[in-house]
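Report on the following structure.
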Amino acid sequence: MPHYLDQRSAELLRRRLSGEDLATLARELDYTDAAEAAAAFARALTAAEPLEPAARQTSDRLAFDQLQDAIWDTVTDGDLDAITAALAISDARSRRLGLDAPLRLEADSLAGDLAAVTAAELDELLTLAEEPPD
C-alpha cells in the first residue's frame, strides 16, 4: 500500500535528495532548525518506502558527506582523532554504498569451447579455484 506525503514533506524530500543542506531547508520550509528538518526528512524517507534504491543511496551519500564536511577542517589541520573519524566515515560509506564489493566474473567470459577443455586444463582450473588469493 503506497504512502502519500504532504506537500511540505514531499518538497523537503525532493530538495534534500537533490543536495540542499538541512539548515537552508529548515529556514525555507519553516522548520524550527536543521535538527527538526533532519527528523522530518527521516520520516519522509520512511513514509515514501519503498524508495527507489538510487534515491536511498543519494540520501546515504549526502549523510556521509555532511559528516565528513563537519570534521574536514580539523582533519586537514592534522588532528589525529579527526583523521581517525574521517577514515571511519570513509569505511562506513564504502560498506553502505557497496563501493568495496568484489568484482563479479561472468561465466560467458571464459574463452573457447568448454567441451574442448582438456583434462589437464580442467585440473589446472580446479586447482586455481581452490587456492586462496594472495
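Everything numeric in this text was worked out from a predicted model, so none of it was measured.
With 3.5 Å as the limit, one finds no donor-acceptor pair spanning the side chains of D81 and T84. Checked by atom type, the side-chain pair D21/T24 shows a donor-acceptor distance below 3.5 Å.
Residue V75 comes nearest to A82 through the heavy atom pair CG2-O, 3.4 Å, listed as atom of the first residue, atom of the second, then distance. Between A26 and A34, the shortest heavy-atom contact is CB-N, 3.8 Å. Taking each heavy atom of D30 and R8 in turn, the nearest pair found is O-NH2, 2.8 Å.
Note that the CG atom of L12 and the CD atom of E28 stand 11.5 Å from one another [nearest 0.5 Å]. Taken to the nearest 0.5 Å, the CZ atom of R27 stands 14.0 Å off from the OG1 atom of T32. Note: D69 CG to F64 CZ = 13.5 Å, rounded to the nearest 0.5 Å. Remark: R43 CZ to L13 CG distance equals 12.5 Å, nearest 0.5 Å.
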- Query: Run the side chain to side chain donor-acceptor pair (under 3.5 Å) check on D77 and T74 step by step: do they pass?
  - Reply: CA-CA 5 Å; D77 288 341; T74 54; over 6 Å; no

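A donor-acceptor contact shorter than 3.5 Å links the side chain of D33 to the backbone of A35. Between the S94 side chain and the S90 main chain, a donor and an acceptor come within less than 3.5 Å of each other.
In this structure, Q66 and L22 have side chains that are in contact, with non-hydrogen atoms separated by less than 4.5 Å. I89 has its side chain within reach of I71: a pair of non-hydrogen atoms, C-beta onward, lies under 4.5 Å apart. Counting heavy atoms from C-beta on, the side chains of L25 and F41 never come closer than 4.5 Å.
A salt bridge links D65 with R93: the closest approach of a Lys/Arg side-chain nitrogen to an acidic carboxylate oxygen falls below 4.0 angstrom. With respect to the salt-bridge test (charged N to carboxylate O, under 4.0 angstrom), the residues E11 and R14 qualify.
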